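Notes follow the structure.
The figures here come from the full heavy-atom set of this structure, side chains too, leaving out hydrogens, waters and symmetry mates. In what follows, chains carry the letters A, B, and so on, assigned in the order in which the sequence lines appear, proteins first and then strands, with residues in each chain numbered from 1. Remember, it's a predicted structure, so these values are computed and weren't measured experimentally.
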2 protein chains.
Amino acid sequence: MADDTALPETSTHGAPRDADRQRLLAHDRHAHILALLRRTGSLTVAAAAAELAVSDMTIRRDLVELEREGRLVRIHGGAIEADNPPLVAMDSEEPSFDSRLRQRRDPKAAIAAAAAALVSGYRTIAMDVGTTTYLMAEHLKDLPHAKVFTNSLRIAALLNGGVPEVYVAGGRVRADEMSTGGPTAIAQFEALWFDVAVIGVSGITVDGLFDYSFDDTDMKRAYLRRSGTKIVLCDSAKFLRMSLVRIAPLSDIDILITDAEPPAKIAAALAAAKVDLRIAPPLTRD
Amino acid sequence: MADDTALPETSTHGAPRDADRQRLLAHDRHAHILALLRRTGSLTVAAAAAELAVSDMTIRRDLVELEREGRLVRIHGGAIEADNPPLVAMDSEEPSFDSRLRQRRDPKAAIAAAAAALVSGYRTIAMDVGTTTYLMAEHLKDLPHAKVFTNSLRIAALLNGGVPEVYVAGGRVRADEMSTGGPTAIAQFEALWFDVAVIGVSGITVDGLFDYSFDDTDMKRAYLRRSGTKIVLCDSAKFLRMSLVRIAPLSDIDILITDAEPPAKIAAALAAAKVDLRIAPPLTRD
DNA sequence: ATTTTTGTTTGAAAATGTTTGATCATGCGA
DNA sequence: TCGCATGATCAAACATTTTCAAACAAAAAT
């Protein structure tokens, strides 16, 4: 009973719908509120409370949260639509991506912030799919002079309206990840050269980088082939975990950003492969 | 619905009367005042107070605030329009996707539903950008055996997780519209053949179809070139309105779906061009 | 397996802040 | 000058914030 090693065994078998049943209800309410708001452009607290059969207080707390996310503007007595188009169409319920986004959010956010600072000087930035790269993209909205290339429609949508120009690869859209892939998409990016590529992985061992999806690995390899600086984002839960497909050996990358010191074996392998290992400092909670 | 769950205190009966006094947000009142002002160019305090069912003092305070924002000029007894266009800078730009989505929503929804029914038998469906096509895509979520091709990331995101396979064209992402374009994107779709293409326009005259934006017209032409059946969606507000770019003559299309009988001139031109004109029936309100 | 603990969400009540309408003294325009 | 709009002031109505307790679920402990 004195196990100090807390491996996340319990999280693997836990069904996600049990875990956030309340969350989903609140999430539904938020979606409903936004839908009401879009009908007429404004919304009173009392009307929303009556419509959703909850108390005024609950609506107010919802509005506070939604305002923090930039999805509406709160005014006395209710709320009006946000001036800028936030991320509009992309807020559909996406169980797998959203739940992954919630898992280990703080480490990922720390890695994302560090990676964003690192690439801010580059002009052409290639961005892979994944939750960590998605969080990173939020930091790139105001980046001047940058062109962002990605096969993630989520990242494209997030950066829409921001400063950098965005280019997406064309091709079949994968349902869960909202990423494009296939020969056409890869061929499109094979013709380009990126100053820097940012890749997400699902596992890393001394043998290299791993991913669980066939569809995305080819694109990841293309990013690695066609870019100058190759950055991998990998939170510490992924150390020593293999997945279906090996993307590349460690020697193919330049920088690895993570949130905690890796196991000695991996640290040694990274050093042997001349990979620049960077530990992102934890973010101060706001 | 006479069953009040736990709110006996509040005397708000469910009758959504329009004359709800305190229910109107200050923000909405301001918008209403500005609308009244634009109608005739001037406005008396008494008239506004009567129209909005509030006291004179409230109107005066509103006018003070609106004058501070530069949106009108206060005079003795009321207000007149501001000389210079203060916020018009935002409005004079092409309207945002969200605001266009709100404009004429019901006609667009009717057209979208009719178009969705029309294409449900086809296997490969090309979909243009625009609010009407976006509304139409909502109906395609459950379409079996269909492949949808689009340069709208909004539509791709909307259909994500639905039944049909989605393919997007790759290229530079236009802000707000979230559409891809440019030679790469067009070249990608030039290599394909679609059973049916659904195009949105911003104006239609006897001379043909028109659109706001340079960026999108080339893609629209590609859709028309590379598809068997060519459908145009056009709500009745767009009749006899020209825009920046002419996309194509009327003879290039097969079916036009709109929400009301077009002017005689256009009806004649459509008949001469052998275009199948269809009036979408209004939707029954849910 | 059951109970306790812990954390989260929701609604209710009190305290505080805002908005609104009425009253009245003042000032502008005919 | 007279009439009427205006701005100031205050009370009432309303909205908001804060705080707290109940309900509930997840995690931990027995």
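Between His27(B) atom NE2 and dA15(D) atom P there is a gap of 18 Å when expressed in whole angstrom units. At whole-Å resolution of the value, CD in Glu67(B) and P in dT6(D) are 11 Å apart. Rounded to whole Å, the distance from CG on Leu52(A) to C1' on dT9(C) is 16 Å. Following rounding to the nearest Å, Arg61(B) (CZ) and dA8(D) (C1') show an atom-to-atom distance of 10 Å. Atom CG of Leu25(B) and atom C1' of dT18(C) are 14 Å apart (whole Å).
Arg74(A) has a side-chain polar atom (N or O) that falls below the 4.0 Å cut-off from OP1 or OP2 of dT17(D). An OP1 or OP2 oxygen of dT20(C) is reached within less than 4.0 angstrom by a side-chain nitrogen or oxygen of Arg29(B).
If you check dT20(C), dG11(C), dA5(D) against the side chain of Val54(A), the one that comes closest is dG11(C). In this structure, the nucleotide among dG21(C), dT6(D), dA15(D) sitting nearest to the side chain of Arg60(B) is dT6(D).
Leu63(B) comes within contact range of no nucleotide atom at all, as no heavy-atom separation falls under 4.0 Å. Within 4.0 Å of Ile75(A), counting heavy atoms only, lie sugar-phosphate atoms of the nucleic acid but no base atom.
Annotation: of the two residues near DNA chain D, Met57(B) and Ala46(B), the 5′-most nearest-nucleotide partner is Ala46(B). In this structure, Val64(B) and Val45(A) both approach DNA chain D, and ranking their closest nucleotides by distance from the 5' end singles out Val64(B).
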Does Arg172(A) form a salt bridge (charged side-chain N to carboxylate O under 4.0 Å, His left out) with Asp215(A)? I'd like the steps, not just the answer. CA-CA 10 Å; Arg172(A) 165 122 189 245; Asp215(A) 301 316; over 6 Å; no

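Proximity of a side-chain donor or acceptor of Thr133(A) to a complementary backbone N or O of Asp128(A) within less than 3.5 Å is detected.
Residues that satisfy the salt bridge (Lys or Arg N to Asp or Glu O under 4.0 Å) test with Asp56(A), not counting sequence neighbours, are absent from this structure. For the side chain to side chain contact (heavy atoms under 4.5 Å, CB included) test, residues two or more places apart in sequence or in another chain that qualify with Val245(A) are Phe214(A), Thr217(A), Arg221(A).
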